[in-house]
Amino acid sequence: GGVVVVVEYAIRSIHDLIPMKTMTAGMELALLLLLGGCGSRCAGGTAAETHEYCVIGAGPAGVQLGYYLQTANRDYVVFESAVGPASFFQRFPRHRKLISINKRFTGSANKEFNMRHDWNSLLTHNNTDPALRFGMYDPEYFPSADSLVTYVQHFAANSSINVQYNTAVKTVARQAADPSAFSLTVSGGGGGNLEGSGAAEGDADRTINCNVVVVASGLHVPRQVNEDLDAVIEYYDSVPTDPDNFTNQEVLVIGKGNAAMELAQAIYGRTSRLHLLSRSRVKLSWETHYVGHVRGVNNEVLDSYQLKSMDTAGIMIDAKDYKLKRDPETGLIKVFQLDDGVWEEDLMISPVHRVISCAGWVFDGSIFTPDTLPDMATDRYPRMTPGFEAANVPGLFFAGTLQHGRDWPRSSGGFIHGFRYLVRALHRELESRNHATEWPSQMLSLGAISKLVKFVLERVNEMSGPYQMFGTLTDVILLSPKSEVSGNRPSGVRYLYEVPIDSIPAVLRRFQPSGELGFISVGLEYGRGFSGAGNDVFDPDKVHEPTLDDSRGPGARSNFLHPVFRLHSLSPDVRESWLDTVDRSALWTAVKNLTVDAPLDDAAESEYSISNILALVAASGVSLQQIEDAVCPADPERGRNVCFETSTVANGIHNMVESARIEFWEADLHVQPLGEWLSRIFTGMKPMSPRGAKAVSAKIRRLHASTRSTTRPGNTRSKIGHDDVDL
């Protein structure tokens with residue numbers, strides 16, 4: 001096996017030296033024999049190539065996962081049907097300006113902090129190599145898609161990622177001999193550089209065996225609005241980009257997302273009238289703090305609409321209630337709407353010269369056989385477990401934009417600056433599950449609570465993963481088991497980095513397999529009421545003055561992004577989910593409703609513990625994820641699993657005050673309140689009651705009445721110069 005690996009590596013190295021068009025199959029076989037081995041390419045082509053991990057797609061997500069698999073020295077391959085990586089961005093966005101910001105200057109030399117404002121770079125270990133940072137490739141704040149393609153190409157090459165270009169995956173099936181593994185049919189290519197070997201017509205298909213398959217091919221199939229309308233509809237992926245093509249035309253654009261606005265902005269200076277039609281109102285990202293809604297860089301046409309410049313923005317109930325018909329005499333397209341069963345021409349819009357659909361993308365499931373086809377949560381996103389595994393196909397995982405199904409439409413998982421962290425979390429999950437590698441963490445000794453406060457504040461001031469994936473990724477402080485507690489205080493705590501919120505129980509049980517488990521989550525969240533109908537998101541009162549006697553911390557009413565700490569407790573029953581935190585009768589009802597083939601007997605409810613109920617789930621064929629989706633739905637405003645918040649013990653929440661500079665160093669607003677909250681936890685006391693918080697607030701005010709000082713990030717010796725008893 002070692003000889004084969006060396007030989008295969010030698011051949012890949014020779015491929016880098018000899019152009020692929022020059023090296024023939026015979027030359028390659030001769031080299032293999034001279035080197036004393038033949039690997040998977042000999043035996044007359046009958047031996048199937050085998051890998052532990054097969055990644056489909058070499059876009060930013062596939063390359064990011066390839067980087068981590070490469071640095072972990074795993075057996076993997078990335079398949080890409082195009083001649084090079086990032087092929088999606090070679091075509092899209094059509095007008096070539098990205099909506100991902102490229103803030104090259106932050107005033108800080110802290111590389112972790114700077115990743116908060118670099119939305120295009122992929123992650124590396126410590127982010128230390130400037131050649132692997134996107135800012136070197138484009139100076140613009142909203143950069144060119146061409147620059148991103150060049151960047152991803154260089155990243156893949158410099159990281160020595162094992163990609164087979166010009167190689168299309170045709171089918172993903174289960175292996176007949178091992179139904180837990182996969183068999184991929186691929187065609188063409190097999191080359192390990194950008195030129196590839198070429199997918200010549202008539203190339204024989206190859207079989208690739210894989211233990212784990214990761215789909216990182218993104219979303220690239222245009223959503224069909226209405227198949228009956230296709231004869232007259234043009235689609236975003238093929239419409240001409242030259243604005244002169246639309247001179248003095250009346251155009252109807254279906255959609256009000258970024259693609260629709262991008263197109264509208266490119267052509268509205270040439271059109272006579274522009275109509276925007278969709279199923280919902282325009283959603284602006286600065287109103288909703290969701291980066292997938294319409295960005296400022298694309299909303300010029302809305303300015304034109306609001307200032308009465310012959311453009312319209314309307315709402316349609318459903319595309320099936322519209323009919324388009326081209327007038328054979330004028331060539332114009334008439335628009336009809338179904339009204340009380342009668343088709344009537346919509347004279348507000350009709351007639352128009354062109355109809356263009358910008359209705360987004362859907363998942364492409366064409367490569368999957370019936371036994372590997374994932375269940376879908378929507379037409380865009382497969383149903384996934386918290387570990388980004390297909391809910392109904394064990395061993396099939398998703399990376400990149402597809403991971404956004406776990407946080408859509410709230411956090412940033414559909415974009416590079418978000419999914420790069422989700423891909424890293426997926427890799428950590430695979431390492432933990434398949435290679436017994438611990439989730440990244442460190443033990444912190446607690447000589448004094450002030451040391452933990454200092455560590456946490458430094459982390460809160462720089463962490464980029466929970467900053468970009470707010471409400472989705474969180475750091476975790478795992479409280480030591482009782483056996484490690486000295487006196488009434490733990491001797492230390494374990495600090496875990498960037499754990500997906502829904503995966504916390506499963507991840508922590510790998511550190512503490514049994515018993516009651518306590519931990520503190522350390523994340524960044526928006527407050528409730530940030531946006532919504534009638535809300536002025538630029539209202540200065542959105543930033544509240546701190547209320548130091550609030551039992552949930554001085555930042556409890558903060559609307560903007562601010563640190564939130566939660567004290568949680570998981571019972572000994574549960575190892576993998578949040579289901580122990582819900583009302584037991586609600587859990588019973590959910591299981592009973594989902595197990596329709598053999599409904600549970602209500603008379604026996606009292607006989608079952610939570611673990612017994614979950615055992616019934618496994619026996620009935622209903623997945624744990626189905627139960628959790630029913631009992632713990634996502635919070636519609638803040639994006640997390642609602643059970644994450646309800647699992648918090650009484651008064652176990654601490655909110656820090658939001659900061660205009662996103663720096664949390666002020667002693668009286670951040671340092672002392674956090675220290676008090678942690679101190680009470682680690683000394684076995686309950687967190688502050690309202691009355692206790694009032695007393696602490698008064699003491700803090702007295703203590704700092706004459707010395708209100710702010711500690712800047714450069715001075716890491718923040719003024720925590722009092723001992724824990726003083727706190």
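- The shortest heavy-atom contact between F246 and I267 is CD1-CG2, 3.5 Å.
- Among all heavy-atom pairs drawn from L276 and K256, the shortest one is O-CE, 3.7 Å.
- F363 and F368 have parallel rings, their planes meeting at less than 30° on a 0 to 90° scale where 60° marks the start of perpendicular.
- In this structure, W361 and F92 have perpendicular ring planes: the angle between them is above 60°, well past the 30° mark.
- Exactly one of N120, D138, N102 qualifies for a side-chain hydrogen bond (donor to acceptor under 3.5 Å, both in side chains) with S147. That residue is D138.
- At least one donor-acceptor pair under 3.5 Å links the side chain of S121 to the backbone N or O of F134.
- Listed for the S503 side chain is no donor-acceptor partner under 3.5 Å among the backbone atoms of I501.
- Side-chain N or O atoms of Y151 include one that pairs as donor or acceptor with a backbone N or O of L132 at under 3.5 Å.
- Checked by atom type and distance alone, the side chain of H353 pairs as donor or acceptor with a backbone atom of E250 at under 3.5 Å.
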>> side-chain contact (heavy atoms from CB on, under 4.5 Å) for Y67 and L122? Distances and angles first, verdict last.
In response: CA-CA 9 Å; Y67 170 84; L122 299 179; over 6 Å; no
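- Shortest non-hydrogen contact noted between P351 and K334 is CB-CG, 4.3 Å.
- The side-chain hydrogen bond (donor to acceptor under 3.5 Å, both in side chains) test applied to E262 returns H95, Y236, not counting sequence neighbours.
- N298 contributes no side-chain N or O that, together with a main-chain N or O of Q265, makes up a donor-acceptor pair within less than 3.5 Å.
- In this structure, the separation between NE2 on H117 and OG on S464 is 9.5 Å, given to the nearest 0.5 Å.
- Around the CH2 atom of W408, the shell of radius 6.0 Å holds no more than 12 heavy atoms that belong to other residues, nucleotides or ligands.
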> Is there a side-chain contact (heavy atoms from CB on, under 4.5 Å) between R223 and I254 once you walk through the steps?
Replying inline: CA-CA 11 Å; R223 177 182 282 116; I254 299 176; over 6 Å; no
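- Classification of the H293-Y290 ring pair by plane angle, with boundaries at 30° and 60°, yields perpendicular.
- Side-chain contact annotation: T106 with N114, donor-acceptor N/O pair under 3.5 Å present.
- Between A58 and V63, the shortest heavy-atom contact is O-CG2, 3.6 Å.
- The backbone N or O of I161 lies less than 3.5 Å from no partner atom in the side chain of S159, so there is not a single donor-acceptor pair.
- When atom types are taken as modelled, the side chain of Q468 and the backbone of R116 share a donor-acceptor pair closer than 3.5 angstrom.
- S411 places a side-chain N or O within donor-acceptor distance of the main-chain N or O of F470, the cut-off being under 3.5 Å.
- Of all non-hydrogen atoms in L98 and P93, the two that sit nearest each other are CD2-CD, 3.8 Å.
- Aromatic rings of Y381 and F398 (six-membered ring for Trp) have centroids beyond the 6.0 Å cut-off, not under it.
- The cationic atom of R406 (NZ for Lys, CZ for Arg) does not lie both less than 6.0 Å from the six-membered ring centre of F388 and within 45° of the ring axis.
- Note: H417 and W119 have parallel aromatic rings, judged against thresholds of 30 and 60 degrees for the angle between ring planes.
- To the nearest 0.5 Å, the span separating CG on L123 from OH on Y421 amounts to 5.5 Å.
- Of all the heavy atoms in V221 and D364, the pair that sits closest is CG2-CB, 3.6 Å.
- Remark: R104 engages no residue in a salt bridge (Lys or Arg N to Asp or Glu O under 4.0 Å) (not counting sequence neighbours).
- Using a distance-only test at 3.5 Å, with no hydrogens or angles considered, a donor-acceptor pair links the side chain of Q403 to the main chain of L422.
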>> Using the rule given for side-chain contact (heavy atoms from CB on, under 4.5 Å), can you reason through Q164 versus R206, listing the C-alpha separation, both sets of side-chain angles and the distance that settles it, and then say yes or no?
In response: CA-CA 13 Å; Q164 293 188 12; R206 294 181 290 140; 3.0 Å; yes
> Where do I356 and I233 land on the side-chain contact (heavy atoms from CB on, under 4.5 Å) test, with the steps shown first?
Replying inline: CA-CA 6 Å; I356 304 169; I233 285 182; over 6 Å; no
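- D407 CG to D502 CG: the interatomic distance, rounded to the nearest 0.5 Å, is 10.5 Å.
- Checking side-chain atoms of D244 against main-chain N and O of R270 turns up no donor-acceptor pair under 3.5 Å.
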